[in-house]
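Okay, so here's the structure we're looking at.
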Amino acid sequence: MTGPLQIVLGTISVLFLIVSSVMAYRAVRAMVRIIRTGQPDGTRFGPVKSRLKTLVVESVGHTRMLKWSSIGIAHWFVFVGFYGLFLTLVEAFGEVWNPAFHLPLIGEWAIWSLFVDLIGAGTILGIIYLIIRRQRDHPRRQGRKSRFAGSNEGRGYFVEAVVLIVGISILSIRAAKVASGLDDAPTWSHPFASLASNLFPDNPDVVSIVAFVKIVVSLTWLVVISRILNMGVAWHRFSAFFNIYFKREASGAPALGPLPAMTSGGKPIDFEDPGEDDVFGRGKIEDFTWKGMLDFSTCTECGRCQSQCPAWNTGKPLSPKMVIMDLRDHLYAKAPYLLGEKTASETAPDYDVLKPSDEQVWASGYARIEGTNDAQAHRPLVGTLEEGGVIDPDVLWSCTNCGACVEQCPVDIEHIDHIEDMRRYQVLIESNFPSEAGVMMTNLEKRGNPWGMGGNVREDWIKELDFDVRVADGPLPHEVEYLFWVGCAGAVDDRAKKVTKAVAELLHTAGVEFAVLGNGETCSGDPARRMGNEFLFQQLAMENVETLDGVFEGRVPGTRKIVATCPHCFNSLGREYPQVGGEYEVVHHTQLLGQLVEEGRLTPVTPVDRKVTYHDPCFLGRHNKVYTPPREILDSVQGLSTQEMHRCKDRGFCCGAGGARMWMEEKIGKRINMERTEEALELDPDVISTACPFCITMLSDALTSKKQSGEAAEHVEVLDVSQILLRSMQPVAVSAQGADSGPDVGTKAGPDPVGEGSAATEHGPQ
């Protein structure tokens with residue numbers, strides 16, 4: 001059935017295939033060479049079995065995509081269609097030459113025919129749904145609320161059009177074959193093609209023409225992406241598999257929790273004796289590891305991270321998506337200089353003449369310098385528009401480290417790690433950071449706590465209890481089960497001290513033997529590390545490890561137990577201290593209290609007829625996946641009614657204090673704590689509950705402001721879960737230390753109205 005038409009179309013198809021294949025090979029080779037210019041990272045290769053399992057589960061199972069169910073389902077069909085129907089492209093080359101051609105072995109197999117028909121139809125419906133969603137969520141409709149704000153819309157349209165045309169072509173080829181009597185498969189094996197066959201004439205040439213269209217569109221797509229190496233919306237179809245396989249956590253967990261140790265040349269930096277050529281953080285694009293560069297190349301510009309980012313949602317310039325996009329674009333623009341193909345001039349150009357592009361001026365306030373030129377070669381990684389910076393300082397310092405971006409990214413990009421690495425360079429090398437944070441770091445160095453309080457105040461809360469608390473002095477006696485890590489806030493902040501006393505009383509009531517370090521405790525180092533001051537973190541961490549190893553002397557693993565009320569300390573002690581030799585079993589107080597309630601060692605006896613909404617602390621929830629214990633404690637309190645905010649659990653909204661933001665003033669946009677508090681107040685609760693001293697401070701400050709403006713009732717309180725549990729443990733009209741006002745939760749303000757007289761950093765008016 002090969003005629004002149006088939007010969008012409010077939011010849012063109014083969015020639016186009018050769019050209020596009022050569023271009024694709026050269027593009028892949030160029031991308032690999034560019035990515036290999038990154039710093040080494042030998043932690044990404046094993047264990048192979050675990051990584052392969054993660055790859056299969058995340059890609060085939062679409063576990064990350066299905067967090068957004070309807071979009072995830074639509075994308076799954078497009079995904080399966082792209083890879084599962086690749087053989088239909090092979091078949092199309094035969095159909096161009098001979099309309100009756102079928103793939104050998106499986107071409108006339110009914111099961112294969114059904115698979116192609118169903119997945120082909122699913123691909124068409126899936127991409128149509130995704131096209132509709134892109135238009136519904138378009139920036140022209142939603143402005144910066146759109147998750148596509150800042151994305152390259154033209155590239156997205158191109159990819160969507162290609163998928164739609166190819167999907168239609170797959171079904172059309174089979175429908176044309178049915179119409180021309182060239183398909184002997186039973187009707188049940190191609191229901192959609194049979195239905196569509198009524199639209200096609202009985203003409204075999206139509207099969208060859210449609211097959212030719214499919215080939216041309218597919219190869220045009222290949223040529224286009226071969227010319228645009230930073231087209232992540234297309235390249236992620238290949239690079240995502242590698243990015244998932246090489247993710248930080250081989251177990252499949254997102255890159256949250258502990259920050260990786262600072263490395264240079266692929267090896268951890270020895271801060272006591274650093275090498276002369278050690279690179280501290282990322283000051284240039286080539287300072288990132290090869291995995292970082294793979295991250296940049298894999299970004300799909302889908303904007304899930306942006307839609308969840310608390311900074312972006314409150315009018316700040318930080319978009320995790322655009323941070324990755326700008327690093328990617330800069331990487332590929334600077335690539336010829338990195339590969340030695342071009343040599344930069346000795347002097348940097350004058351960046352004052354730059355103007356922000358229309359695409360970026362409203363979003364980030366800095367320009368993308370387009371093209372490969374001296375400007376790209378000399379640009380600082382972090383800098384203002386006038387300095388030609390790739391990432392604006394306001395973008396860098398807006399991050400709260402909440403982890404929403406990492407949690408939602410469908411291709412496992414490690415946004416926080418990259419942001420923190422850039423912060424490390426700014427702090428340790430450039431000494432360029434917000435001035436307020438400088439005060440905090442000075443306090444950590446000189447006083448051992450961010451507030452600058454004297455070390456002798458760490459035991460003051462003990463004097464307010466009516467029972468003795470053991471203060472560790474040397475190795476702990478055998479009968480002491482837990483070391484209670486009070487934390488800086490829990491020892492010096494008035495609001496957090498109430499939580500400390502509540503937890504101590506609950507442990508005492510349950511008969512748990514515990515001790516505290518008292519004045520021997522110092523900051524865990526979390527604020528310093530999240531600020532980017534890795535040197536100070538290492539100093540504090542090693543000091544604490546020495547102290548902890550002393551009190552746990554003689555104890556075997558499994559008996560070195562610590563309970564912490566601060567999720568930031570909980571994260572540092574349990575997941576970051578192993579990097580400096582500290583191995584301990586660390587639990588959050590909600591985990592321990594929940595266990596004690598379950599065991600019957602703590603029994604709530606007084607009903608609390610109040611409405612509570614629970615706020616998930618980011619470092620307890622997303623970073624450490626502790627969602628259930630606080631809720632189980634609240635559920636154990638009789639009479640208490642709970643209602644979730646619409647942004648909760650792994651989609652919870654940050655309070656604004658993480659990433660050392662607790663000690664940096666919010667000067668741009670709306671305050672994050674105000675946004676979160678307003679969301680809580682929409683439910684008309686009596687109590688906003690949480691399980692983190694930073695969250696208590698931020699939410700309390702916002703609630704106070706709302707009370708002053710008359711937007712919140714005076715009886716509404718911000719309380720830790722432990723305080724509610726303790727109140728329910730007390731008989732009616734009996735008040736306990738730390739409970740503050742007995743069982744009458746949410747009915748009146750305590751003697752210290754929320755938000756007043758705190759040692760925490762105060763925030764100015766809105």
Next item on the list: With the side chain counted from C-beta on, respond yes when Met31 and Tyr332 share a heavy-atom pair under 4.5 Å apart, and no when they do not.
Entry: yes

Note to self: Walk me through whether Phe246 and Asp412 qualify under side chain to side chain contact (heavy atoms under 4.5 Å, CB included).
What the structure shows: CA-CA 9 Å; Phe246 292 121; Asp412 285 306; over 6 Å; no

Note to self: Pair Met293, Arg36 - check side chain to side chain contact (heavy atoms under 4.5 Å, CB included), show working.
What the structure shows: CA-CA 8 Å; Met293 294 181 178; Arg36 291 184 65 184; over 6 Å; no

Margin query: Show the nearest heavy-atom pair for residues Met440 and Ala660, with the distance to one decimal.
Written below: CE-CB, 4.2 Å

Next item on the list: Answer yes or no: is there an ion pair linking Arg248 with Glu414, defined by an N-O contact shorter than 4.0 Å?
Entry: no

Next item on the list: Take Asn571 and Asn624 through the test side chain to side chain contact (heavy atoms under 4.5 Å, CB included) and record every step on the way to the result.
Entry: CA-CA 7 Å; Asn571 182 69; Asn624 287 281; 3.2 Å; yes

Note to self: Using the rule given for side-chain hydrogen bond (donor to acceptor under 3.5 Å, both in side chains), can you reason through Glu286 versus Thr37, listing the C-alpha separation, both sets of side-chain angles and the distance that settles it, and then say yes or no?
What the structure shows: CA-CA 7 Å; Glu286 55 266 37; Thr37 63; over 6 Å; no

Checklist line | Residue pair Glu387 / Val382, side-chain heavy-atom distance below 4.5 Å | finding: no

Next item on the list: Can you establish whether the number of heavy atoms outside Glu445 located under 6.0 Å from its atom CD is more than 12?
Entry: yes

Notebook entry, point to check: What closest approach, in Å, do Met422 and Leu396 show between heavy atoms, and which atom pair accounts for it?
Noted result: CB-CD1, 3.8 Å

Next item on the list: Any chance you could measure Cys409, atom SG, to Lys247, atom NZ, to the nearest 0.5 Å?
Entry: 9.5 Å

Check: In Å, rounded to the nearest 0.5 Å, how long is the span from CE of Met325 to NE2 of His330?
Finding: 15.5 Å

Next item on the list: Report the distance from atom SG of Cys488 to atom CG of Leu444, rounding to the nearest 0.5 Å.
Entry: 7.0 Å

Notebook entry, point to check: Would Lys625 and Glu249 pass as an ion pair if we require N to O under 4.0 Å?
Noted result: no

Margin query: Donor-acceptor check, side chain of Lys316 to backbone of Ile668, threshold 3.5 angstrom: yes or no?
Written below: yes

Check: Can any side-chain N or O of Arg423 pair as donor or acceptor with the backbone N or O of Met531 at less than 3.5 Å?
Finding: no

Notebook entry, point to check: Looking at His568, Arg575, Glu576, which one forms a side chain to side chain donor-acceptor pair (under 3.5 Å) with Ser572?
Noted result: Glu576

Checklist line | Among Leu540, Asn449, Thr547, the one residue meeting side-chain contact (heavy atoms from CB on, under 4.5 Å) with Thr522 | finding: Leu540

Checklist line | Phe241 CZ: over 12 foreign heavy atoms closer than 6.0 Å | finding: yes

Item checked: Main-chain N/O of Lys321 paired with Glu301 side-chain donor or acceptor, under 3.5 Å -> no

Next item on the list: State plainly whether the residues Asp526 and Arg529 are in salt-bridge range, i.e. N to O under 4.0 Å.
Entry: no

Check: Is any side-chain heavy atom of Arg447 closer than 4.5 Å to a side-chain heavy atom of Met453?
Finding: no

Check: After noting the C-alpha distance and the side-chain angles of Asp616 and Arg622, does the key distance pass the salt bridge (Lys or Arg N to Asp or Glu O under 4.0 Å) rule?
Finding: CA-CA 8 Å; Asp616 286 283; Arg622 269 191 298 267; over 6 Å; no

Note to self: Working note: Arg379 + Val390, criterion side chain to side chain contact (heavy atoms under 4.5 Å, CB included); need CA distance, chi angles, decisive distance, verdict.
What the structure shows: CA-CA 7 Å; Arg379 295 178 78 180; Val390 179; 3.8 Å; yes

Next item on the list: Compare all side-chain heavy atoms of Cys692 with those of Phe619 and state whether any distance is below 4.5 angstrom.
Entry: no

Check: Within a strict 4.5 Å, meaning less than it, do heavy atoms of the Lys561 and Tyr482 side chains meet?
Finding: yes

Margin query: Has Ser239 got a side-chain atom pairing as donor or acceptor with Trp235's backbone, closer than 3.5 angstrom?
Written below: yes

Checklist line | Gap separating the OH atom of Tyr577 from the SG atom of Cys569, nearest 0.5 angstrom | finding: 7.5 Å

Next item on the list: Please name the pair of heavy atoms, one in Asn401 and one in His623, separated by the smallest distance, quoted to 0.1 Å.
Entry: O-NE2, 2.7 Å

Margin query: Looking at Asn313 and Cys309, would you say the former's side chain and the latter's main chain have a donor-acceptor pair under 3.5 Å?
Written below: yes

Check: Under 4.5 Å between any side-chain heavy atoms of Leu381 and Leu327, yes or no?
Finding: yes

Notebook entry, point to check: Are Phe242 and Trp290 close enough that their ring centres sit under 6.0 Å apart?
Noted result: no

Check: Which atom names give the shortest non-hydrogen contact between Gln408 and Asp650, and what distance separates them?
Finding: NE2-O, 4.0 Å

Checklist line | Non-hydrogen side-chain atoms of Leu259 and Asp417 separated by less than 4.5 Å | finding: yes

Notebook entry, point to check: ring-ring contact (aromatic ring centres under 6.0 Å, His included) with Tyr584: which residues, sequence neighbours excluded?
Noted result: Phe552

Next item on the list: Using atom types as modelled and distance alone, determine if a side-chain donor or acceptor of Thr697 lies under 3.5 Å from a backbone N or O of Pro693.
Entry: yes

Check: At what distance, to the nearest 0.5 angstrom, does CG of Asp326 lie from CG of Asn230?
Finding: 11.0 Å

Notebook entry, point to check: If you measure from CZ on Arg282 to CD1 on Ile429, what distance do you get to the nearest 0.5 Å?
Noted result: 12.0 Å

Next item on the list: Could you pull out all residues at least two apart from Phe288 that satisfy ring-ring contact (aromatic ring centres under 6.0 Å, His included)?
Entry: Phe296, His418

Margin query: Could you check whether any side-chain N or O of His588 sits under 3.5 Å from a backbone N or O of Thr565, counting only pairs where one atom can act as donor and the other as acceptor?
Written below: yes

Margin query: Restricting to ring-ring contact (aromatic ring centres under 6.0 Å, His included), what partner residues turn up for His415, sequence neighbours left out?
Written below: none

Check: Tell me, do Glu272 and Gln538 make a side-chain contact under 4.5 Å, heavy atoms counted?
Finding: no

Notebook entry, point to check: Hey, are Lys267 and Asp278 close enough for a salt bridge, meaning a charged N less than 4.0 Å from a carboxylate O?
Noted result: no

Item checked: Minimum heavy-atom distance between Glu341 and Arg33, given as atom pair plus value -> OE2-NH1, 3.4 Å

Check: Any idea which heavy atoms bring Ile413 and Thr298 closest together, and the distance?
Finding: CD1-C, 4.4 Å

Next item on the list: Check whether any side-chain N or O of Gln376 sits under 3.5 Å from a backbone N or O of Lys334 as a donor-acceptor pair, and report yes or no.
Entry: no

Notebook entry, point to check: Would you find a donor on one side and an acceptor on the other, under 3.5 Å apart, between the side chain of Glu666 and the backbone of Ile672?
Noted result: yes

Notebook entry, point to check: Taking Thr54 for the side chain and Ala250 for the main chain, is one N or O donor matched with an acceptor at less than 3.5 Å?
Noted result: yes

